[in-house]
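Beneath this line is the structure, given in structure tokens, with notes to follow.
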Protein chains: 2
Amino acid sequence: MELAEAKLKFIETWGKLGSEWGINRTMAQVHALLLISTEALTTEEVMEMLKISRGNANMNLRDLIVWGLVEKQHKAGERKEFFFADKDAWSIARQVAKERKKRELEPVLKSLAELSNVNGDEKDPEFKTFKKSVSDISKLAKNVDKTLETMLKAEENWFFGSIFKMFK
Amino acid sequence: MELAEAKLKFIETWGKLGSEWGINRTMAQVHALLLISTEALTTEEVMEMLKISRGNANMNLRDLIVWGLVEKQHKAGERKEFFFADKDAWSIARQVAKERKKRELEPVLKSLAELSNVNGDEKDPEFKTFKKSVSDISKLAKNVDKTLETMLKAEENWFFGSIFKMFK
DNA sequence: ATAAACTTTCAATAAGTTTTGAAAGTTTAA
DNA sequence: TTAAACTTTCAAAACTTATTGAAAGTTTAT
């Protein structure tokens, strides 16, 4: 496969993965484009390469900055803004984990905590089933949260190592 | 909070989490409803409790069965089908991981493998950046895959344990 | 102060996804 | 075999989310 074709396919693959995981397809594609660009790109270049409108390009670039995956760059003597993606896979994984933990996991933990304060008759099987489900899911969610917390703190990428062997 | 209110809130929370992670909101709500039901429910009961149509209830119940999260049950002397959810949090997590690994991670690994066979000039910086991005992401994805593989094989729930402490 | 270069916003529209409900299909009991 | 009980299908409609593009806003150079 030639480079130009491979680039298109990479952008497509990354976009598809994003949309399957609840991330805007175009945002993932813009990210992919920047990931494989040696140079920082302008809004204009992103628009042209992905065939998207100015508004769309601008909005997704801003979102990528909020997610901590892309940075603005200024070039000497240039009026335009340039956008550049962090290329380190481990750092990308951490940023995404951090953002989704904050946006999604934490609110769920909060709800589950409230739900475990439910009042009811301990002898009622409906009540017992409810409490058990909520408590089991809470435990799992808390452990996911703690693991992510540890992952976020780790400077080193244990995932590139062989920690998974420990699970036998 | 009273049981009835808590149940509604649980269904809502689970549905929201599902939709944020690319899972049909209603499917997640049907799952939540069955998770907190002591008894297996009929299509009719699901329709009524979630205020959804027959077609919608039927389709989401079937999908939950495909995902391995819900089973059909037959009751002696009853003509209707009853649906019952596996209540074990660890088993739910494993089923979801298994299904998404198969549907999403594996196709991405396949694409990445193809992309690493790209032809080009080793001296071209564009080519080098591309190869490095693809190769780094491949490594990460393979490790995620291996870790999931191990998780799926594990009968025991290492997540309920304290494995996360190992990451320091 | 002006105007050109550039970025951001947002209402309208398009695209994508989910839901409905009635009709078709299937199973069971008599 | 019939018909009632139940399940499945699927085209149309409703709903949700993403995209466009022109107008408004901002910055910079002169």
Side-chain angles (χ1 to χ4, degrees), chain A residues 11-12 14-34 39-67 70-84 100 103-104, chain B residues 11-12 14-34 39-67 70-84 100 103-104:
Chain A
I11 290 166
E12 189 192 309
W14 209 235
K16 188 159 162 265
L17 184 65
S19 70
E20 285 166 342
W21 285 86
I23 285 163
N24 182 312
R25 198 186 92 259
T26 305
M27 174 171 149
Q29 288 183 335
V30 173
H31 185 222
L33 175 62
L34 293 174
E39 297 297 315
L41 304 179
T42 61
T43 302
E44 210 77 35
E45 288 168 317
V46 170
M47 285 166 63
E48 197 172 301
M49 286 167 144
L50 299 180
K51 308 263 190 283
I52 61 175
S53 71
R54 185 173 300 284
N56 201 7
N58 179 271
M59 172 174 222
N60 283 299
L61 284 166
R62 275 191 300 112
D63 282 355
L64 283 165
I65 291 169
V66 171
W67 278 68
V70 164
E71 281 180 22
K72 275 189 186 175
Q73 263 188 2
H74 285 281
K75 292 202 182 175
E78 286 275 11
R79 192 99 159 248
K80 291 193 209 84
E81 291 177 326
F82 289 76
F83 299 90
F84 183 78
R100 300 204 75 156
R103 296 183 187 203
E104 294 144 25
Chain B
I11 290 167
E12 189 193 310
W14 209 234
K16 187 158 164 267
L17 184 66
S19 70
E20 284 166 342
W21 286 86
I23 285 163
N24 181 313
R25 199 185 91 256
T26 305
M27 176 169 147
Q29 288 184 335
V30 173
H31 185 222
L33 175 62
L34 292 175
E39 297 296 315
L41 303 180
T42 61
T43 302
E44 210 77 34
E45 287 169 317
V46 171
M47 286 167 62
E48 196 173 301
M49 284 165 146
L50 299 179
K51 309 265 188 278
I52 61 176
S53 72
R54 185 173 300 285
N56 200 8
N58 179 270
M59 173 177 223
N60 283 298
L61 284 165
R62 274 190 301 111
D63 283 354
L64 283 165
I65 291 169
V66 171
W67 278 68
V70 164
E71 282 180 20
K72 275 189 187 176
Q73 263 188 3
H74 285 280
K75 291 202 182 176
E78 286 275 13
R79 190 98 160 249
K80 291 194 208 84
E81 290 177 327
F82 289 76
F83 300 90
F84 183 79
R100 300 204 76 157
R103 295 183 187 202
E104 293 143 26

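Chain identifiers are assigned alphabetically (A, B, ...) following the order of the sequence lines, protein sequences preceding nucleic acid strands; residue numbering begins at 1 within each chain. All heavy atoms count here, side chains included; hydrogens, waters and symmetry mates do not.
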Show me the donor-acceptor pairs within less than 3.5 Å that the side chains of residues 47-60 of chain B make with the rest of the protein, sequence neighbours left out.
residue	atom	partner	partner atom	Å
B:Ser53	OG	B:Asn56	N	3.2
B:Arg54	NH1	B:Glu44	OE1	3.4
B:Arg54	NH2	B:Glu44	OE1	3.3
B:Arg54	NH2	B:Glu44	OE2	3.1
B:Asn56	OD1	B:Asn60	ND2	2.8
B:Asn58	OD1	B:Arg62	NE	3.1
B:Asn60	ND2	B:Asn56	O	3.1

Original post:
First contact, last contact: which nucleotides of DNA chain D are these for chain A, 5' to 3', heavy-atom distance under 4.0 Å?
Top reply: D:dA18 to D:dT28
**OP:** Mind checking salt bridge (Lys or Arg N to Asp or Glu O under 4.0 Å) for B:Lys72 and listing every partner two or more places apart, or none if nothing turns up?
**Re:** B:Glu81
Under-3.5 Å N/O pairs linking protein and nucleotides 13-20 of chain C:
residue	atom	partner	partner atom	Å
C:dT19	OP1	B:Thr26	OG1	2.2
C:dT19	OP2	B:Thr26	OG1	3.0
C:dT19	OP2	B:Asn56	OD1	3.3
C:dT19	O5'	B:Asn56	ND2	3.3
C:dT20	OP2	B:Ser53	N	2.7
C:dT20	OP2	B:Ser53	OG	3.0
C:dT20	OP2	B:Asn56	ND2	3.1

**OP:** Determine whether more than 12 heavy atoms belonging to other residues, nucleotides or ligands lie under 6.0 Å from atom CD of B:Gln73.
**Re:** yes
**OP:** Classify the side-chain pair B:Trp14/B:Gln29 by whether it contains a donor and acceptor separated by less than 3.5 Å.
**Re:** no
Subject >> Validation row: A:Asp63, A:Asn24 side chains within 4.5 angstrom (heavy atoms) >> reply: no
Subject >> side-chain contact (heavy atoms from CB on, under 4.5 Å) against A:Arg103, all qualifying residues, sequence neighbours excluded >> reply: A:Val66, A:Trp67, A:Glu99
Subject >> Partners passing salt bridge (Lys or Arg N to Asp or Glu O under 4.0 Å) against B:Arg25 (at least two apart in sequence or in another chain) >> reply: none
